[in-house]
Amino acid sequence: MTTIKLAKLPDKTPVKLAVVVTPDLHQSLQDYAQMYAATYGADVPIPELVPAILAAFLDGDRGFQQQRKGKS
């Protein structure tokens, strides 16, 4: 069998997750969506922005990343 440099791609099957947010958080998400549209010239619905926002938050949380890698 021929080998290639690129590893097998990870499972990217979406998982539907329902959440309930406070009115203040919903307003903040609407404001963020407006700022995103003004910055990039594309209206993106909040449900499509939330996964990217969460991923950026988790990627930026050093304590979480260290704990996840087994470093305390």
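Taking CG of Leu49 as the start and CE of Met35 as the end, the distance is 12.0 Å to the nearest 0.5 Å. How far OH of Tyr32 is from OG1 of Thr39: 8.0 Å, rounded to the nearest 0.5 Å. Between Leu25 atom CG and Thr22 atom OG1 the span is 5.0 Å, to the nearest 0.5 Å. Between the NE2 atom of His26 and the CG atom of Asp31 there is a distance of 10.0 Å, given to the nearest 0.5 Å. Rounded to the nearest 0.5 angstrom, Ile4 CD1 and Leu6 CG are separated by 5.5 Å. Atom CD in Gln66 sits 9.5 Å away from atom CG in Asp61 (nearest 0.5 Å).
A donor-acceptor distance shorter than 3.5 angstrom exists from the side chain of Gln65 to the backbone of Leu58, with no hydrogens or angles considered.
Cluster membership check: Phe57 does not share its hydrophobic cluster with Val50, using side-chain heavy-atom separations under 4.5 Å among Ile, Leu, Val, Met, Phe, Trp and Tyr.
Under the 4.5 Å side-chain criterion, counting only non-hydrogen atoms from C-beta, Leu29 is in contact with Ile53.
Summarising the local packing, CG of Asp59 is surrounded by more than 12 heavy atoms from other residues, nucleotides or ligands at distances under 6.0 Å.
Among Val15, Leu9, Thr13, the one residue that satisfies the side chain to side chain contact (heavy atoms under 4.5 Å, CB included) test with Asp11 is Thr13.
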